[in-house]
Amino acid sequence: MARPKIKHIAPFDAGEDHDIILVWSGNRAHANRIIIRDNETNTEVFNDVFSSFALTHTIPADTLQNGRKYIIQACVYDEENVESPLSDKVLFYTFSTPEYYFDNLPADSILTNSSFTASIHYYSPDWEDVGKYIFYLYDSSGKQLLTSSEMTDSADIEYTYRGLDNNTAYYIRWKAVTVNGMELDTGCQQVFVKFENPNTYARIYATPVPSQGCIQVATNLIVIQYNGTDNFDYIDGMIDLRDKTLYYDEGFLIKDDFTVIIRGVHLWQNADILKMKNDVSVLTLSSHIYTDGKLRFRLLVPNGVGNYLLYSEPLVFENNDMVTIAIRRKGSVYQLKTFLEIGYTTEGDMWYGSDRPSRQLMNDNDAWIDTEGDTYVVSKENYTSHLDEEEPADAVMDDLWLGGE
């Protein structure tokens, strides 16, 4: 008697119902049976007969456990209730559905540039890495405009869409397959491209010089240079100005409206942060910590014969939080706005081992310890570092001892 076959089983989430599909070439089947065993222990975990002419069998949600390997076999019962031999054994995996989405789409889905680098946040509780993936672009009617090449970099899952038309709606999409075959699909996410033409400060002017057989190019962008003698360190793309002052005293002049943006850490302090002056007036941005434990940024602005002050809202943040301060002048009116990026961490979180963890997995866990090939994760919120030469007596689970021989 013929034996049924089980169609390929891609990894699935055991927390959801999943259909097993059979192939059968014998007499018409009126029922089928599947038997599932744990691959490591060979323990039977599911044995069920299902009466149906359809060659499918549903594994109910929560019957199996995620992060496991299982072996499955099946048989069918024909119209005379004769049981077929068991099928060949098939191995399959169960994983919790990974968390994945476009993590840098604007809240209003409006792109303000003709190019956009789409980034995917990916996290799998079962450490199931992405194997390969493709980005897609569709027009407003759903017609596919382009596909990226097949990519495999699981550390930085991103792709740059270029040449997007202004005042145009698009759909972007990401499809992937994990290393063990689980299929992922963000679905189509709508974006709308709307950007302004560059202002005069960003234009490049070209002037022919026939006598020299060339073209002279000029722009309103000005490169300013520090002329002092101090040396400055650059850490993660930022200049370290702690206990130092940086002066720019020549090379540019702001005459009309402007926007100045300052972005930095270690700004929980009483200090003058920025001064801008010309022959007439001085503009000063400073910070002050008040007795209620909150900080305000203050902008001292020239205003004719007198001055007026602008204060930010009361703020509470840690020294390693990223603070962005925006100063804008429009006519004679100034604005002061602040933004906080709580829990900001730079590249290069703490880990010990031969392989650096992927960026997606480092979002929530900053401390990683490699123990003879196995990676042990320590939540960044729940550990204490001990720097003693001797092993600490009061260490608890997930503490780190950085010392000894």
Side-chain angles (χ1 to χ4, degrees), residues 1-101 120 122-134 136 142 144 147 150 152 154 157 173-189:
M1 187 176 183
R3 294 194 299 174
K5 295 181 180 179
I6 301 174
K7 281 194 172 183
H8 171 72
I9 304 174
F12 62 90
D13 192 330
E16 302 175 3
D17 290 352
H18 188 79
D19 289 334
I20 302 299
I21 301 176
L22 308 179
V23 177
W24 168 246
S25 59
N27 296 331
R28 186 180 184 185
H30 78 90
N32 61 73
R33 176 189 185 191
I34 62 173
I35 303 170
I36 300 176
R37 291 182 172 85
D38 186 289
N39 183 59
E40 292 185 5
T41 64
N42 202 38
T43 303
E44 185 177 290
V45 295
F46 188 62
N47 188 333
D48 184 60
V49 176
F50 178 57
S51 297
S52 172
F53 292 113
L55 294 172
T56 61
H57 200 120
T58 301
I59 302 175
D62 300 319
T63 299
L64 309 177
Q65 296 181 357
N66 282 319
R68 307 287 295 177
K69 297 179 184 178
Y70 293 96
I71 296 173
I72 183 172
Q73 289 182 284
C75 66
V76 299
Y77 300 87
D78 66 14
E79 294 176 315
E80 298 179 359
N81 207 36
V82 177
E83 181 180 358
S84 74
L86 287 172
S87 68
D88 291 335
K89 295 179 180 180
V90 173
L91 181 69
F92 68 91
Y93 299 82
T94 55
F95 298 113
S96 299
T97 301
E99 180 182 281
Y100 59 96
Y101 51 84
I120 294 291
Y122 177 83
Y123 174 72
S124 168
D126 298 312
W127 300 76
E128 173 70 352
D129 285 337
V130 173
K132 55 186 178 181
Y133 55 90
I134 297 176
Y136 298 84
Q144 184 173 305
T147 63
E150 187 175 272
T152 58
S154 61
I157 307 176
R173 185 182 190 180
W174 180 76
K175 296 177 70 175
V177 178
T178 67
V179 292
N180 285 301
M182 178 178 278
E183 297 181 354
L184 311 174
D185 188 349
T186 62
C188 292
Q189 305 291 315

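These values consider heavy atoms only, across backbone and side chains, with no hydrogens, waters or symmetry-generated copies.
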Exercise. Kindly assign one of parallel, tilted or perpendicular to the pair Y122 and Y100, based on the angle between their ring planes and the thresholds 30° and 60°.
Key: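 Tilted: the ring planes of Y122 and Y100 meet at 30° to 60°.
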
Determine yes or no for a side-chain-to-main-chain donor-acceptor pair under 3.5 angstrom, with [X] supplying the side chain and [Y] the backbone.
| X | Y | answer |
| --- | --- | --- |
| S87 | A74 | yes |
| T186 | W174 | yes |
| D38 | T43 | no |
| D88 | K5 | no |
| D126 | S96 | yes |

pair [X]-[Y]: side-chain heavy atoms closer than 4.5 Å:
| X | Y | result |
| --- | --- | --- |
| M182 | P98 | yes |
| T94 | H18 | no |
| I72 | F46 | no |
| S84 | R3 | no |
| T63 | V45 | no |

Quiz item: Are R28 and F53 in a cation-pi contact, defined as NZ or CZ under 6.0 Å from the six-membered ring centre and within 45° of the axis?
Solution: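 So R28 does make the cation-pi contact.
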
Quiz item: Around atom CD of Q65, are there more than 12 heavy atoms of other residues, nucleotides or ligands at under 6.0 Å?
Solution: no

Practice problem: For E44, look at atom CD and say whether over 12 heavy atoms of other residues, nucleotides or ligands are found less than 6.0 Å away. | Solution: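 Yes, the 6.0 Å shell around CD holds more than 12 heavy atoms from other groups.
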
Quiz item: Just how far is it from atom CD of E128 to atom CZ of F95, taken to the nearest 0.5 Å?
Solution: 4.0 Å

Quiz item: Could you walk me through whether N39 and R68 pass the side-chain contact (heavy atoms from CB on, under 4.5 Å) check?
Solution: CA-CA 8 Å; N39 183 59; R68 307 287 295 177; over 6 Å; no

